Amino acid sequence: MVAIIDYGAGNLQSVKKALDFLGCESIVTDDQAVIESASHVILPGVGSFGDAMASIRSRGLEETIKNAASGNQNFLGICLGLQLLFEESDESPDVEGLGVFKGKIERFSDDMGLKVPHMGWNSVSIKQNKGIFSGIEENSYFYFVHSFCLKDANDEIVAGKTEYGIDFCCAVQKGKVCATQFHPEKSGEAGLKLLKNFVEG
């Protein structure tokens, strides 16, 4: 069973539809007991870092998510769900993230000469060809919508990188815990393959 965490940050039904298409049993929930008993947990999300952390805390889900992302369960963060796993973000400077991984989420510079947010399809350079990227071709395209990114991350967790004015880390993976800045549920065959790798892991 895959638990898709509902903390009011949207993008839940598109994730569930992708899992339904794969024939995977899933539930959208904010019930701590259901999340804790699930074999796989997904933390999706769109919106602001600060609002998301406030919602997670108001629903009493912070420790539940941290425990799920500690390596005890198979865990996937998507888009904002990746950013929340880190310690802080330029978007909400006074708000502490979940701190599962060390690092800071930074805003794309307006000086790049590129539109912000970064929106649309972009290729991914795969740094870990196992786990969620198993069987996915190098430079496969995935769908992005974001204004903030993970520029610097510990090399051991970097699973994929993308270039948009700068090189940034668009996927992390350590043991059972992984996350993507892009939306696999909106990324066609490559995205479905990634989700299939996750649920079968």
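Values in this document were obtained by computation on a predicted structure and should not be read as measured data. Side chains are part of it too, since the values below use all heavy atoms of this structure and drop only hydrogens, waters and symmetry mates. Counting from 1, the numbers follow the sequence of the chain as shown.
Between atom OG of residue Ser147 and atom CG of residue Asp90 there is a gap of 11.5 Å, rounded to the nearest 0.5 Å. Atom CG of residue Asn122 and atom CZ of residue Phe142 lie 11.0 Å apart, to the nearest 0.5 angstrom. Interatomic distance, Met119 CE to Phe144 CZ, rounded to the nearest 0.5 Å: 13.0 Å. Atom CD1 of Ile157 is separated from atom SG of Cys178 by 11.5 Å, given to the nearest 0.5 angstrom. Distance CG/Leu61 to CG/Asn67: 11.5 Å, rounded to 0.5 Å. Note that the CD atom of Gln83 and the CD atom of Glu91 stand 7.0 Å from one another [nearest 0.5 Å].
Phe133 pairs by the ring pair (Phe, Tyr, Trp, His ring centres under 6.0 Å) definition with nothing, not counting sequence neighbours. Every residue two or more places apart in sequence or in another chain was checked for a side-chain hydrogen bond (donor to acceptor under 3.5 Å, both in side chains) with Asn139, and none qualifies. Not a single salt bridge (Lys or Arg N to Asp or Glu O under 4.0 Å) links Asp152 to another residue, sequence neighbours left out. Listed by chain and number, the residues in a salt bridge (Lys or Arg N to Asp or Glu O under 4.0 Å) with Asp20 are Lys16 (sequence neighbours excluded). When the ring pair (Phe, Tyr, Trp, His ring centres under 6.0 Å) test is applied to Tyr164, the partners found at least two apart in sequence or on another chain are Phe108, His118.
Side chains of Gln181 and Thr162 form no contact here, defined as non-hydrogen atoms less than 4.5 Å apart. Side-chain contact between Cys79 and Val145 is absent, with no heavy-atom pair separated by less than 4.5 Å. The shortest side-chain heavy-atom distance between Val177 and Phe101 falls under the 4.5 Å cut-off. At a threshold of 4.5 Å between non-hydrogen side-chain atoms, the residues Trp121 and Ser187 count as touching. Inter-residue side-chain proximity for His183 and Ile78 is flagged as met; some heavy-atom pair is nearer than 4.5 Å. Proximity of Leu76 to Leu195: side-chain heavy atoms (C-beta onward) are separated by under 4.5 Å at one or more points. Residues Leu19 and Ile4 are in side-chain contact: their nearest non-hydrogen atoms beyond the backbone lie under 4.5 Å apart.
Screening residues 47-58 for salt bridge (charged side-chain N to carboxylate O under 4.0 Å, His left out), with sequence neighbours left out, gives Arg57-Glu62. A ring pair (Phe, Tyr, Trp, His ring centres under 6.0 Å) check over residues 42-66, counting only residues at least two apart or in different chains, returns nothing. Residue pairs meeting the salt bridge (charged side-chain N to carboxylate O under 4.0 Å, His left out) criterion with at least one member in residues 181-201, sequence neighbours excluded: Lys196-Glu200. The ring pair (Phe, Tyr, Trp, His ring centres under 6.0 Å) pairs that include a residue from residues 13-34 number zero, where partners must be two or more places apart or lie in different chains. Note on residues 63-82: no pairs pass ring pair (Phe, Tyr, Trp, His ring centres under 6.0 Å), not counting sequence neighbours.
Connection of Leu192 to Leu194 is established within a shared hydrophobic cluster, with ILVMFWY side chains joined at heavy-atom distances below 4.5 Å, either directly or through further cluster members. Residues Phe148 and Val95 share a single hydrophobic cluster, defined by chaining ILVMFWY side chains whose heavy atoms lie under 4.5 Å apart. The hydrophobic cluster containing Phe168 does not contain Phe86, counting ILVMFWY residues as joined when their side-chain heavy atoms lie under 4.5 angstrom apart, directly or transitively.
Scanning all heavy atoms of the two residues, the minimum distance from Cys24 to Val2 falls at SG-CG2, 3.5 Å. Closest approach of Cys170 to Leu82, counting heavy atoms only: O-CD1, 4.2 Å. Residues Ser134 and Asn197 come closest through the heavy atom pair O-ND2, 2.8 Å. Annotation for Ile56 and Leu84: closest pair CD1-CD1, 3.9 Å, computed over non-hydrogen atoms. Summarising the geometry of Ile136 relative to Ala190, their closest heavy-atom pair is CD1-O, 3.8 Å, with the distance given to 0.1 Å.
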Exercise. Could you check Asn72 against Lys176 for side chain to side chain contact (heavy atoms under 4.5 Å, CB included), going step by step and ending with a plain yes or no?
Key: CA-CA 8 Å; Asn72 293 324; Lys176 294 181 176 181; over 6 Å; no
Exercise. Tell me, with the steps shown, if Lys104 and Lys151 meet side chain to side chain contact (heavy atoms under 4.5 Å, CB included).
Key: CA-CA 8 Å; Lys104 180 182 179 182; Lys151 292 181 182 176; over 6 Å; no
Exercise. Show the numbers, then the answer: is there a side chain to side chain contact (heavy atoms under 4.5 Å, CB included) between Phe182 and Tyr143?
Key: CA-CA 6 Å; Phe182 53 81; Tyr143 188 79; 5.8 Å; no
Practice problem: Just do the side chain to side chain contact (heavy atoms under 4.5 Å, CB included) check on Ile105 and Leu150 with the steps written out, would you? | Solution: CA-CA 5 Å; Ile105 305 300; Leu150 176 61; 4.0 Å; yes
Let me have the donor-acceptor pairs involving side chains of residues 32-46, under 3.5 Å, with sequence neighbours excluded, atom names and distances please.
from: Gln32; atom 1: OE1; to: Thr64; atom 2: OG1; distance (Å): 3.4
from: Gln32; atom 1: NE2; to: Gly60; atom 2: O; distance (Å): 3.1
from: Ser37; atom 1: OG; to: Ala33; atom 2: O; distance (Å): 3.2
from: Ser37; atom 1: OG; to: Val34; atom 2: O; distance (Å): 3.0
from: Ser39; atom 1: OG; to: Met1; atom 2: N; distance (Å): 3.4
from: Ser39; atom 1: OG; to: Met1; atom 2: O; distance (Å): 3.2
from: His40; atom 1: NE2; to: Phe198; atom 2: O; distance (Å): 3.2
from: His40; atom 1: NE2; to: Val199; atom 2: O; distance (Å): 3.2
from: His40; atom 1: NE2; to: Gly201; atom 2: O; distance (Å): 3.2

Using a 3.5 Å cut-off and no angle test, enumerate the donor-acceptor pairs between side-chain atoms of residues 124-132 and protein atoms at least two apart in sequence or in another chain.
from: Ser125; atom 1: OG; to: Lys127; atom 2: NZ; distance (Å): 3.2
from: Ser125; atom 1: OG; to: Glu138; atom 2: OE2; distance (Å): 3.2
from: Gln128; atom 1: OE1; to: Gln173; atom 2: NE2; distance (Å): 2.9
from: Gln128; atom 1: NE2; to: Glu156; atom 2: O; distance (Å): 3.4
from: Gln128; atom 1: NE2; to: Val158; atom 2: O; distance (Å): 3.3
from: Gln128; atom 1: NE2; to: Gln173; atom 2: O; distance (Å): 3.2

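Glu87 CD: more than 12 foreign heavy atoms inside a 6.0 Å radius. Within 6.0 Å of CD in Glu96 there are 12 or fewer heavy atoms belonging to other residues, nucleotides or ligands.
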